[in-house]
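Single-structure report; data block below.
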Amino acid sequence: MNDKNGHGIANFAALKTAVVNGELQSVKELLGDQEMQDIEKSYLVDLAKLSNNHAIIKLLKDIPEKE
């Protein structure tokens with residue numbers, strides 16, 4: 001996570017908070033149309049699963065992965 005790919009540490013922290021709080025619109029805004037590394041994506045999906053938020057889980061699973 002760095003500023004080069006649009007996801008700085010502060011942005012990722014805000015994204016984690018939005019996922020945990022079930023804030024779908026905030027998650028969408030924070031993600032934008034960015035790609036994400038598999039480990040980051042998996043972590044966020046696991047957080048969303050804890051709250052059983054299917055809309056956020058689907059949104060996160062649909063994020064394109066970086067190679």
Side-chain angles (χ1 to χ4, degrees):
M1 301 237 91
N2 60 40
D3 293 328
K4 206 177 205 181
N5 66 9
H7 282 289
I9 291 171
N11 187 59
F12 192 71
L15 188 53
K16 289 190 308 185
T17 300
V19 169
V20 169
N21 291 337
E23 300 168 351
L24 181 61
Q25 189 58 39
S26 294
V27 172
K28 286 180 182 179
E29 290 170 9
L30 289 163
L31 287 173
D33 59 351
Q34 303 281 333
E35 294 177 332
M36 187 173 282
Q37 293 179 354
D38 180 56
I39 193 164
E40 298 165 340
K41 182 176 169 178
S42 295
Y43 177 75
L44 293 173
V45 169
D46 287 345
L47 284 178
K49 285 179 180 178
L50 290 174
S51 61
N52 205 27
N53 190 320
H54 298 289
I56 291 179
I57 292 168
K58 180 178 178 354
L59 178 67
L60 293 170
K61 285 185 174 183
D62 290 344
I63 297 170
E65 291 182 17
K66 280 185 184 178
E67 296 191 21

Assess the residue pair M36 and L31 against the criterion (side chain to side chain contact (heavy atoms under 4.5 Å, CB included)); give the C-alpha distance rounded to whole Å, side-chain angles, the decisive distance to 0.1 Å, and a yes or no. CA-CA 9 Å; M36 187 173 282; L31 287 173; 3.7 Å; yes
Non-neighbouring partners of K28 that pass side-chain contact (heavy atoms from CB on, under 4.5 Å), sequence neighbours left out: L24, Q25, L59
CG-CG distance between L60 and L47, expressed to the nearest 0.5 angstrom: 9.0 Å
Kindly work out whether a path of hydrophobic side-chain contacts (I/L/V/M/F/W/Y, heavy atoms less than 4.5 Å apart) joins L15 to L50. yes
A side-chain contact here means heavy atoms from C-beta on lying under 4.5 Å apart; do K41 and E65 qualify? yes
Quick one: does K61's side chain have a donor or acceptor within less than 3.5 Å of a partner on V45's backbone? no
Under 3.5 Å: donor-acceptor pair, side chain of S51, backbone of A48: yes
Residues forming a side-chain contact (heavy atoms from CB on, under 4.5 Å) with S26, sequence neighbours excluded: A18, E23
Taking atom CG of D33 as the centre, does the number of heavy atoms from other residues, nucleotides or ligands within less than 6.0 Å exceed 12? no
Can you confirm whether E40 sits close enough to I63 that some side-chain heavy atom of one is under 4.5 Å from a side-chain heavy atom of the other? no
Taking only residues two or more places apart in sequence, or in another chain, which ones meet K16 in a side-chain hydrogen bond (donor to acceptor under 3.5 Å, both in side chains)? none
Contact between L44 and F12 at the side-chain level, heavy atoms closer than 4.5 Å - yes or no? yes
